[in-house]
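Notes follow once the structure below has been shown.
Both ligands and their constituent atoms are indexed starting at 1 by order of listing.
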Amino acid sequence: MKYVIAGAGPAGVIAAETLRKADPEGSVLMIGDEPEPPYARMAIPYLLAGDIGEKGTYLRKSKNHYKDLRIDYLQDRVKKVSAKQREIVLDGGGRRAFDALLIATGATPIKPRVPGLDLPGVHHCWTLADARAIAKRAKKGADVVLMGAGFIGCIILESLLSRGVTLTVVEMAERMVPRMMNDKAAAMLKRWCAAKGVAVKTGTKVTKIEKSGRGLTVHLDRGKPVAASLVVVAAGVKSNVGFLDGSGVKVKQGVVVDDRLQSSAPGIFAAGDVAEGPDFSGGWSVHAIQPTAADHGRIAALNMAGHPARYKGSLAMNVLDTAGLISASFGRWDGVKGGDFAEAADKAAYRYIRLAFDGDRLIGALALGLTDHVGVIRGLIQTGVALGDWKQKLMSDPHRVMDAYLARAYA
Ligand SMILES: Cc1cc2nc3c(=O)[nH]c(=O)nc-3n(C[C@H](O)[C@H](O)[C@H](O)COP(=O)(O)OP(=O)(O)OC[C@H]3O[C@@H](n4cnc5c(N)ncnc54)[C@H](O)[C@@H]3O)c2cc1C
């Protein structure tokens, strides 16, 4: 069997390793378009914070890892796929035939239509090249504007702060991490950031960035312009699917895959940030997080090698450390029609928990300032265990999730 993998991030690497195990005789070709060895984007914040060096971001540390596993690693870009001819076309010239193809090309940051985003000193925080450019300018005391306070924005916020910059966060939604938190939790997070010296402007848009002297001026639709020597843009991401035009593979938000991670074209699979796969909470979603990429990569590879494996669906789960305040959201944290919520808040202590139920099952949750509940909440949601009389106990005191887990999951 000839296996080809387009993309060498976590989804591609785990798929390549799984293929080697599942089919020791097959040929495995992994193609990645970045100059560095395969690395984890989620390690970039630790690199910026100075906790690790660049090598620490590499997914596999041994120099000959891929060679030893007989995984051919090619630095090139897949520019075209033909499902009918069962071949890919490379940027560097040439074509490669495949029996099974995995699309694991990840996502790219969205560049909003704001004048000035191409100026020097304006960067996304997505690649190692971005991280190097940010590190050059994010020096102690530098004025930095972070455009976007979504999940990735808030992760970057933490590492920028650790570099000692003076930070202004501009978020066009009315609250921080709007897709991860409700008003109450987001207001606590904003207050926490303000207490750490971060200026957070929610409900505010960047309208223009201009060069001024040796720095930049960031114009807003509300309030005074902000001076900056660095602007970091974190305004969402989109799946890398452009090269699939005319390929015969069905694409919506990402490559639509079934519960075996196979696309509409037999023998062509997709995994990670590029895949719109089964969502544990119902329907299909792109869940652009590394655990989903890892699960997708493994399950897609097993199916590619002829070992049927079904995927239960990815659970939307985000855990953030924002200048020391841990927050997490899981599944349908915003609830379902007719469902109940249990809530407890201690605003002064920055502690908050909100559980969402469908009948007597936990389907989602929000937690702020609580670290010991994370695993248990995830377990209760993913096992879909019927809580019975424990639902009422949780309605009275949502902090008792551990007791509920022990009582019901092992009942
Ligand atoms: C700063 C930052 C912090 C993050 N923190 C977290 C976190 O705390 N927790 C978490 O779960 N997730 C986090 N993420 C998200 C996580 O990194 C992604 O979900 C994960 O990288 C997805 O893996 P992937 O293999 O699908 O895609 P990627 O890691 O994007 O890898 C895809 C690779 O394919 C390449 N490629 C694209 N197109 C082509 C082509 N046509 N031909 C060949 N190669 C191509 C890309 O350049 C890339 O190298 C973070 C991301 C960032 C940027």
Specify the closest pair of heavy atoms between Cys125 and Val232, including all atoms of both residues, with the distance to one decimal.
CB-CG1, 4.0 Å
Purely on distance, is any nitrogen or oxygen of Ile44 under 3.5 Å from one on ligand 1?
no
What atoms of ligand 1 come within less than 4.0 Å of a heavy atom belonging to Ala104?
32 (C), 34 (O)
of all protein heavy atoms, closest to atom 51 (C) of ligand 1 is Ile152 CD1, 3.4 Å
Which protein heavy atom lies closest to atom 31 (O) of ligand 1, and at what distance to 0.1 Å?
Gly9 CA, 3.3 Å
Using distance alone, decide if ligand 1 has a nitrogen or oxygen within less than 3.5 Å of any nitrogen or oxygen in Glu34.
yes
If the contact criterion is a heavy-atom separation under 4.0 Å, does Val319 count as touching ligand 1?
no
State the atoms of ligand 1, each with its element, that fall below the 4.0 Å cut-off from a heavy-atom position in Asp76.
43 (C)
Minimum distance, heavy atoms only, to atom 34 (O) of ligand 1: which one of Cys154, Gly7, Ala6, Ser239 is it?
Gly7
For Val78, the ligand 1 atoms whose distance to one of its heavy atoms is below 4.0 Å:
40 (C), 41 (N), 42 (N), 43 (C)
Return the closest protein heavy atom for atom 12 (N) of ligand 1 as residue, atom name and distance.
Gln290 N, 3.4 Å
Which of the numbered atoms in ligand 1 are under 4.0 angstrom from any heavy atom belonging to Pro291?
11 (O)
Under-4.0 Å salt bridge between Arg60 and Glu17
yes
Near Ile31 (heavy-atom distance under 4.0 Å), the atoms of ligand 1 are 43 (C), 44 (N)
May I ask you to decide whether Glu87 forms a salt bridge with Arg95, counting only side-chain N to carboxylate O separations under 4.0 Å?
yes
With heavy-atom distances below 4.0 Å as the criterion, list the atoms of ligand 1 near Ala11.
25 (O), 26 (O)
For atom 17 (O) of ligand 1, grab the closest protein heavy atom and report residue, atom and distance to one decimal in Å.
Arg41 CB, 3.3 Å
I need the contact type for Pro38 against ligand 1. Using non-hydrogen atoms and a strict under-4.0 Å cut-off, is it side chain, backbone, both or neither?
neither
Mark up the atoms of ligand 1 that fall under 4.0 Å of a heavy atom belonging to Ala8, in ascending order.
33 (C), 34 (O)
With a 4.0 Å cut-off on N to O distance, would you call Glu171 and Arg222 a salt bridge?
no
Side chain or backbone, does Gly272 bring an N or O within less than 3.5 Å of an N or O on ligand 1?
no
Check this for me, if you would: do Arg41 and Glu34 make a salt bridge, where the nitrogen-to-carboxylate-oxygen distance has to be below 4.0 angstrom?
yes
